[in-house]
Number of protein chains: 2
Amino acid sequence: MDRPTVHDIAREAGVSLATVDRVLNARAGVRQKTIDKVNDTIARLGYVRDTSAANLARQRRYTFAFVLPEGPSQFAESIRAALRDAYSSQIADRLVLRIISVPANDPHAIVRALLSLDPRKLDGLALMVPETPQVRDALARIKQEGIAIVAMVSDLPNSPRDYFVGTDSIAAGRTAALLMGKFARKPGEILLATNSMRSRDSLERRLGFDAVMQADFPHLTVIPTIESFDDPERMEELVFGMLIRKPQLVGLYSMGSGNLSVLRALRRSTRVGEIPVIMHELTPPTRAALMANEVDAVIAQNVGHLVRSAIRVLRSLSDNLPIFEPQERLRIEIVLRENLPESG
Amino acid sequence: MDRPTVHDIAREAGVSLATVDRVLNARAGVRQKTIDKVNDTIARLGYVRDTSAANLARQRRYTFAFVLPEGPSQFAESIRAALRDAYSSQIADRLVLRIISVPANDPHAIVRALLSLDPRKLDGLALMVPETPQVRDALARIKQEGIAIVAMVSDLPNSPRDYFVGTDSIAAGRTAALLMGKFARKPGEILLATNSMRSRDSLERRLGFDAVMQADFPHLTVIPTIESFDDPERMEELVFGMLIRKPQLVGLYSMGSGNLSVLRALRRSTRVGEIPVIMHELTPPTRAALMANEVDAVIAQNVGHLVRSAIRVLRSLSDNLPIFEPQERLRIEIVLRENLPESG
DNA sequence: CCATAAATGATGTGCGTACCTCATTTCAAC
DNA sequence: GTTGAAATGAGGTACGCACATCATTTATGG
């Protein structure tokens, strides 16, 4: 038997098409009793609304805004590229995308950007920003307008987000540690570098990293994390200094952005290839470093998948459809020289 | 401006709707000159057929057959599970799936199964079978009926397939070698095991493995591959024997199926945790072995992605739509204890 | 029992496309 | 120019649903 249609529901429930329509689209003027009757029939026949026919009839458009950190971040740039890519594929069907760039470290600017969005012209919001009280409040207001909210890359656990698309940072840190432990050739110290330990991601990665190191590799010591506070020069000099002064270093883990500075320091130190190096996120520089054997492994997430997932999830949320979890679960990818994807 | 419709094309081209329809659906009775005129207008306005409206109008159904190896293969089983999963998600829209199990090593049985398919009731065919001349010929016939053909997991490079969904086996072997080289703690020999080196996959993996080993890890020697010829007991005894008699073994790589036997041999040998072990495909046993630290790494492909990709590609092929390559490119995944996906 | 409001039914149109029929025009060959 | 075939036009119905209008029925309170 074919999929039941609204006609089947009407006939089986003993009501008119108009009433079925009222129930389906939550219009007013139907007794609870009738609503129940129709819903029972829907459940009984296993009716599922034909989304494409519905979208055709109502000339639906999905308008989504993506809020991304501005500035020269390679990772954010790759997300922007993935969004452009997705836009020229089938998932762009009936889709209107708006990409909004905000200064990542200025909560007020982020809030201004969020509040400048016209809720009537918006169906969903995907954001990759740090969680602050200001952002949380702004999101609460947006949520009340009935707009779907998806956190990307970094979760917003205390905000009214509907979904999180990204990887578990603690698990990513644990993965890096396991890899580092297996790669390290002798006992010694492991150097960690990041822009700022105030960022949730860096913190969680460090947490995961330490946990595995302590449990499984007691012969390796994790020394205090180097922080650059978004200053590339500072990062390079700090890492360079450590590489030069500490022969007992047996591993280097770049936890966040700042990969470029770390790579420069590494090259200047002439310790390339001597100690295992692990970084995060697959970008042109890390890709090149993998190929050149300067970096042993990159922990990454598939940004193409990331943005497609965010779009699919926002779509489902907008239509109150179930989310197909297995497809939206982002993997922690381990990328070596030999399993580099052809691009992206 | 909104997307142009057939009406816009008709008006702009100065022809009637009926003619546009004739051109769009390649019906007879239109002069070449008119066809060109309409196509020019289509190109000029950037018209793209609204697939969902078209599917609605013609009550389209996509009927795809999946041909998979029968028998107790964990990997094939996980593909079947992924197909069932996909069936209850959005990508199942207008989809009719048929799963056909064939004895993988009996080309004639495979051909019989292929020829038993009614081409009029089929839009696409996805298969995971070894390439033989018989299969190749049968596929040629099926292809002539206008049915889209996708090779899954193992490519069919000499057959008239339209697309391949899967990973590059040589690269997978190279990845395993790179990992093994970095994991191995001392010089020595590496043991490889597979069901049969006659299989293209095993051959290619071995090729890739050897290439990287020779180039980057000269202190490691790859000894001749153990073949079980689909006999689990034989596999277990052979691997067990090697593990016992060869203390100079410093690594174990299970290239194909037969993981269960290898695991059993490993446990009996009491060399668990002593040498790095790498296997292929994420299945319940390899997953458990990862968690138990019996296996260090699993080289895998995401079967959920695999089947969704095959479905999407078959759809696009059926409708003569472009394939969005970045989304269909399957990655060679490296799975460790710490980045195990929650399921699947 | 009536008045009134609330609930429901009946019916039509449109979304963008496919597909069908029948009438009309155009073209080419003679 | 006539003729016959080929090409094109005109118009309708359908797909499954959304949305609107108006008529009719049913419940509710007095």
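Labels below follow one simple rule: chain letters A, B, ... track the order of the sequence lines, proteins then strands, and each chain is numbered from 1.
Spacing between atom CD of A:Q32 and atom P of C:dA6 amounts to 17 Å, rounded to whole angstrom units. Here D:dT26 presents its P atom at 10 Å from CZ of A:R31, a figure rounded to the nearest Å. Distance A:R61 CZ to C:dC15 C1': 13 Å, rounded to the nearest Å. At whole-Å resolution of the value, CG in A:D36 and P in C:dT8 are 11 Å apart. Distance, B:R27 CZ to D:dT8 P: 15 Å, rounded to whole Å. In this structure, CG of B:N25 is placed 17 Å from P of C:dG16, rounded to the nearest angstrom. Rounded to whole Å, the distance from CG on A:D8 to P on D:dC15 is 11 Å. Between B:R3 atom CZ and C:dG16 atom P the separation is 9 Å, expressed in whole Å.
Between the B:R80 side chain and the B:I99 main chain, no donor and acceptor come within less than 3.5 Å of each other. Listed for the B:E131 side chain is a donor-acceptor partner under 3.5 Å among the backbone atoms of B:S159. With hydrogens and angles ignored, the 3.5 Å screen pairs a side-chain donor or acceptor of A:H305 with a backbone N or O of A:Q327.
Residue contacts shown for B:D21 include a base, since a base heavy atom lies under 4.0 Å away. As judged by a 4.0 angstrom heavy-atom cut-off over every strand, B:H7 is placed among the base-contacting residues.
Nearest to the side chain of A:S16, among C:dG9, C:dT17, C:dC19, sits C:dG9. The side chain of A:R22 lies closest to C:dT8, out of D:dA18, D:dG9, C:dT8.
Using a 4.0 Å cut-off between charged side-chain N and carboxylate O, B:D85 and B:R308 make no salt bridge.
Comparing B:V30 and B:R94 by the nucleotide of DNA chain D whose heavy atom lies nearest to each, the residue mapping closer to the 5' end is B:V30. Comparing B:L24 and A:A18 along DNA chain C, the residue whose closest nucleotide (by nearest heavy atom) sits nearer the 5' end is A:A18.
DNA chain D is contacted by B:L56, B:A57, B:Q59 of residues 39-60 of chain B, taking any non-hydrogen atom closer than 4.0 Å.
Listed by chain and residue number, nothing satisfies the salt bridge (charged side-chain N to carboxylate O under 4.0 Å, His left out) test with A:R112 (two or more places apart in sequence, or in another chain).
Residues A:L314 and A:Y163 are not in side-chain contact: their nearest non-hydrogen atoms beyond the backbone lie 4.5 Å or more apart. The shortest side-chain heavy-atom distance between A:D93 and A:R315 falls under the 4.5 Å cut-off.
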